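These notes concern the structure reproduced below.
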Number of protein chains: 2
Amino acid sequence: MNIGNAARQSGLPPKTIRYYEDIGLLTADRAANGYRDYSSEDVHRLRFVQRSRSLGFSVEECRQLLSLYTDRDRASSDVKAIATEKLGEIDRKIAELTGLRDMLGHLVENCHGDARPECPIIDGLAATTRQTA
Amino acid sequence: MNIGNAARQSGLPPKTIRYYEDIGLLTADRAANGYRDYSSEDVHRLRFVQRSRSLGFSVEECRQLLSLYTDRDRASSDVKAIATEKLGEIDRKIAELTGLRDMLGHLVENCHGDARPECPIIDGLAATTRQTA
DNA sequence: ATAGGAGCTCCAGCTACTGGAAGCTCAAGA
DNA sequence: TCTTGAGCTTCCAGTAGCTGGAGCTCCTAT
């Protein structure tokens, strides 16, 4: 199967698939004409990476997960450790963004948004002391 | 004031301040010895940028906000538009991360995390069909 | 035979810094 | 006065994870 086909089936752009090969994340056979040739097992792996990336795992983490995926003898605790760590990171990110949202939301709420130059948003950003709100 | 001092007062590393100068976001006077020389007004602007960045504005957005900050005649609606747009983005990011969290959290919950090789996380990532959840 | 679409490689650029090397300047201590 | 160390300067390179484009070949359909 050519790269375009593998791309459609995995949900990854061809460019990205080539890039993954470049960095040694996934390899592909080559046909006689030099085209990359993907088996359905390759496509599984591509989709595995696509899914992992979309779940917030870094490429390096995908590399680990992929080797755990391939290694049929690995313990589920190894995988759980990585996923749990990632879960904590996601929670931290959510908390951070939520704080951000509240602060910015408050500033926006208090801004008239009219033609006058007074603007609590600018004032909030400029505040020398800690955020008034 | 030297860059180290400005860095301490603005909460930005010296490297970052130099970088901002490089890309024309903020300029600084130079002392006779070639050292950058910051006024307290400069430090205000640095802090303004630091704050804006930490609130999730991109450097390009900071450039806009900075010019709105400097322009005492601008309408607050201009600022509000940018901030509101950013607020929407933050909300989208939070929603996305929350979905992610739920999916990953579910997978982690269902993983024994022991020495056995069966692992719902790996299976979930590998699923050919839509996430069994 | 030819036109197009798809594949190939390689190079450059994106965001927002960060690290490091090589060299200059300044203030304090022996 | 000399030296030492910190702090400043510039410039170059690298980070993550792609993405775009140039210039080429290859395959398929008409």
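As the structure is a prediction and not an experimental result, all values here were calculated from the model. Proteins get letters first, then strands, A, B, ... in listed order; numbering begins at 1 in each.
- Nucleic acid contact class of B/Ile23 (heavy atoms, under 4.0 Å, all strands): none.
- Every pair tested for ring-ring contact (aromatic ring centres under 6.0 Å, His included) that includes a residue from residues 72-105 of chain B fails, sequence neighbours excluded, so the list is empty.
- Residues passing the salt bridge (charged side-chain N to carboxylate O under 4.0 Å, His left out) test with A/Asp37: none are found, sequence neighbours excluded.
- Counting only residues at least two apart or in different chains, ring-ring contact (aromatic ring centres under 6.0 Å, His included) contacts with residues 79-98 of chain B are absent.
- Evaluation of the salt bridge (charged side-chain N to carboxylate O under 4.0 Å, His left out) rule for A/Asp91 yields B/Arg101 as partners, not counting sequence neighbours.
- Residues from residues 29-40 of chain B lying near DNA chain C, meaning a heavy-atom separation below 4.0 Å, are B/Asn33, B/Tyr35 in numerical order.
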Counting only pairs under 3.5 Å, give me each side-chain donor-acceptor contact of residues 7-15 of chain A, with atom names and distances, residues two or more places apart or in other chains.
unit_1: A/Gln9; atom_1: NE2; unit_2: A/Asn5; atom_2: OD1; d: 3.3
unit_1: A/Ser10; atom_1: OG; unit_2: A/Ala6; atom_2: O; d: 2.8
unit_1: A/Ser10; atom_1: OG; unit_2: A/Ala7; atom_2: O; d: 3.4
unit_1: A/Ser10; atom_1: OG; unit_2: A/Leu12; atom_2: N; d: 3.3

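- Heavy-atom nearest nucleotides on DNA chain D were determined for B/Asn5 and for A/Ser58, and the one closer to the 5' end corresponds to B/Asn5.
- Shown for residues 8-19 of chain A: residues whose heavy atoms fall under 4.0 angstrom of DNA chain D, namely A/Pro13, A/Lys15, A/Thr16, A/Tyr19.
- Within the structure, ring-ring contact (aromatic ring centres under 6.0 Å, His included) contacts touching residues 54-90 of chain B (residues at least two apart or in different chains) are B/Phe48-B/Tyr69.
- Annotation: ring-ring contact (aromatic ring centres under 6.0 Å, His included) contacts involving residues 13-32 of chain B, sequence neighbours excluded, are absent.
- Checked against salt bridge (charged side-chain N to carboxylate O under 4.0 Å, His left out), B/Glu60 has the following partners two or more places apart in sequence or in another chain: B/Arg63.
- Interface limits on DNA chain C: the 5'-most and 3'-most nucleotides within less than 4.0 Å of chain A heavy atoms are C/dA6 to C/dC10.
- Applying the salt bridge (charged side-chain N to carboxylate O under 4.0 Å, His left out) criterion to A/Arg53, with sequence neighbours excluded, gives no partner residue.
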